[in-house]
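For reference, the structure discussed in these notes is given below.
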Number of protein chains: 2
Amino acid sequence: MPPRTRPAKPAALDERAAAQLAELFRAFSDTSRIRIISALADGNEKNVSALAEAADVSESAVSHHMRGLRQMRLVRARKSGRQVFYRLDGDHVVALFKQGLDHVRHG
Amino acid sequence: MPPRTRPAKPAALDERAAAQLAELFRAFSDTSRIRIISALADGNEKNVSALAEAADVSESAVSHHMRGLRQMRLVRARKSGRQVFYRLDGDHVVALFKQGLDHVRHG
DNA sequence: GTAATATATGAACATATATTCAGACGTTGC
DNA sequence: GCAACGTCTGAATATATGTTCATATATTAC
């Protein structure tokens, strides 16, 4: 076997992965965003005003949150006329959300 | 069927669950804590100074973080002499951590 | 007893973050 | 054209959060 580059820390996370992981979890770390994501967890897309009502926050606040979630590729946006419909991007997002729910319920 | 109490919002999260979920994810939302949890993810308990070295933060900072994680029952502490050994509390914690890793790697 | 070690604690500070507000932008209907 | 609508944006503000520093507590060794 060739000599390993960092023999002292075998399975540790590199700095990049740690930062990405923290960032991912941070996306779920706010009550309003949890309610937004929860509203999208049924797989049906919803526009901003629907999300605002479901999550009980202003439409402006929703818009701010969605920008972050969009940049992290956790949601996808579809523009139709003057409305923008959001949906969760991929199964991983739902899986992570449900895993968290599972912990809260019986953990 | 009996009439439902809140017919408008069928599967929404109650406020309590949303807050708990956000709090849970917030525990994973910091780079230092991610490295701490990562260091414990192999199942072996580690004392504060070992965690401090693994996560590259001061022992004081580790102590602060562990208090929060303890209060959330994400880690368990075992005192032995003047050392305190921490380990992840339950499989749910590891599962959630790995689920996040999974997303970061191929998401 | 004292000294050294391991961890915990609280205050102070700097930074990050969520929300609100006012306004801008693009789209639809008239 | 104009007005209404849905969404977005940026600045301002309040609050939350992580780290550091000094100190306290508890345990072991002498």
Side-chain angles (χ1 to χ4, degrees), chain A residues 13 15 18-40 44-87 89, chain B residues 13 15 18-40 44-87 89:
Chain A
L13 285 183
E15 185 56 32
Q20 283 181 272
L21 248 185
E23 191 187 8
L24 171 65
F25 285 117
R26 207 178 309 132
F28 292 81
S29 71
D30 175 76
T31 310
S32 299
R33 279 195 299 272
I34 283 291
R35 286 195 300 255
I36 291 174
I37 292 168
S38 166
L40 293 172
N44 296 33
E45 62 181 13
K46 292 181 182 60
N47 66 5
V48 173
S49 67
L51 290 174
E53 189 184 7
D56 194 35
V57 292
S58 73
E59 304 183 355
S60 175
V62 169
S63 198
H64 279 292
H65 285 304
M66 300 322 278
R67 173 152 71 136
L69 295 175
R70 228 186 304 129
Q71 287 175 348
M72 296 187 61
R73 310 211 181 265
L74 296 177
V75 301
R76 292 176 82 94
R78 181 179 68 86
K79 193 170 180 180
S80 172
R82 46 190 164 194
Q83 307 187 49
V84 176
F85 291 91
Y86 287 98
R87 59 186 166 90
D89 189 353
Chain B
L13 285 182
E15 185 56 32
Q20 283 181 274
L21 248 184
E23 192 187 6
L24 170 65
F25 284 118
R26 206 178 309 131
F28 292 80
S29 72
D30 174 75
T31 310
S32 300
R33 280 195 298 273
I34 283 290
R35 286 193 299 253
I36 291 174
I37 293 168
S38 166
L40 293 172
N44 296 35
E45 62 181 14
K46 291 179 183 59
N47 65 7
V48 173
S49 65
L51 290 174
E53 189 183 8
D56 193 37
V57 290
S58 74
E59 303 183 356
S60 175
V62 168
S63 199
H64 278 293
H65 285 304
M66 298 324 277
R67 173 153 71 137
L69 295 174
R70 226 187 305 129
Q71 287 175 347
M72 295 188 61
R73 309 210 184 267
L74 296 177
V75 300
R76 292 176 84 95
R78 180 178 69 86
K79 193 170 180 180
S80 171
R82 45 190 164 195
Q83 308 187 50
V84 176
F85 291 91
Y86 286 99
R87 62 187 163 88
D89 189 352

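Just so it is clear, the model here is predicted, and its values are computed rather than measured. Reminder, nothing fancy here: chain letters follow the sequence lines and each chain counts from 1.
- Atom CG in B/L69 sits roughly 12 Å away from atom P in C/dA8 (whole-Å rounding).
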Just the atom pairs and distances: protein N or O near nucleotides 16-18 of chain D's N or O, under 3.5 Å.
unit_1: D/dT17; atom_1: OP1; unit_2: B/R26; atom_2: NH1; d: 3.3
unit_1: D/dG18; atom_1: OP1; unit_2: B/R33; atom_2: NH1; d: 2.7
unit_1: D/dG18; atom_1: OP1; unit_2: B/R33; atom_2: NH2; d: 2.5

Going 5' to 3' through nucleotides 3-13 of chain D and flagging B where a protein heavy-atom sits under 4.0 Å of the base, S where only the sugar-phosphate is that close, and - otherwise, we get -BBSBBBB---
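- A straight line from CZ of A/F28 to C1' of C/dA18 spans 18 Å, rounded to a whole angstrom.
- In this model, the phosphate group of C/dT19 is not approached by any side-chain N or O of A/S58 to a distance below 4.0 Å at OP1 or OP2.
- Here A/S63 pairs with nothing under the side-chain contact (heavy atoms from CB on, under 4.5 Å) rule; sequence neighbours left out.
- The CG atom of A/D56 lies 6.0 Å from the CZ atom of A/R35; values are rounded to the nearest 0.5 Å.
- One finds the CD atom of A/Q20 at 11.5 Å from the CZ atom of A/R26 (value rounded to the nearest 0.5 Å).
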Under 3.5 Å donor-acceptor pairs involving side-chain atoms of residues 65-75 of chain B, not counting sequence neighbours:
unit_1: B/H65; atom_1: ND1; unit_2: B/R33; atom_2: NH1; d: 3.2
unit_1: B/R70; atom_1: NE; unit_2: B/Y86; atom_2: OH; d: 3.4
unit_1: B/R70; atom_1: NH2; unit_2: B/Y86; atom_2: OH; d: 3.2

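- Nearest approach of B/A22 to A/D30, heavy atoms of both residues: CB-C, 3.7 Å.
- Classification of the B/F25-A/F25 ring pair by plane angle, with boundaries at 30° and 60°, yields parallel.
- Nucleotide D/dT19 holds its P atom 11 Å from the CG atom of B/D56, rounded to whole Å.
- Partners of B/E23 according to the salt bridge (Lys or Arg N to Asp or Glu O under 4.0 Å) rule, which considers only residues two or more places apart in sequence or in another chain, do not exist here.
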I'd like a table of donor-acceptor pairs (distance under 3.5 Å, sequence neighbours excluded) in which one partner is a side-chain atom from residues 76-85 of chain A, with atom names and distances.
unit_1: A/R78; atom_1: NE; unit_2: A/E45; atom_2: OE1; d: 3.2
unit_1: A/R78; atom_1: NE; unit_2: A/E45; atom_2: OE2; d: 3.3
unit_1: A/R78; atom_1: NH2; unit_2: A/E45; atom_2: OE2; d: 2.4
unit_1: A/Q83; atom_1: OE1; unit_2: A/N47; atom_2: ND2; d: 2.5

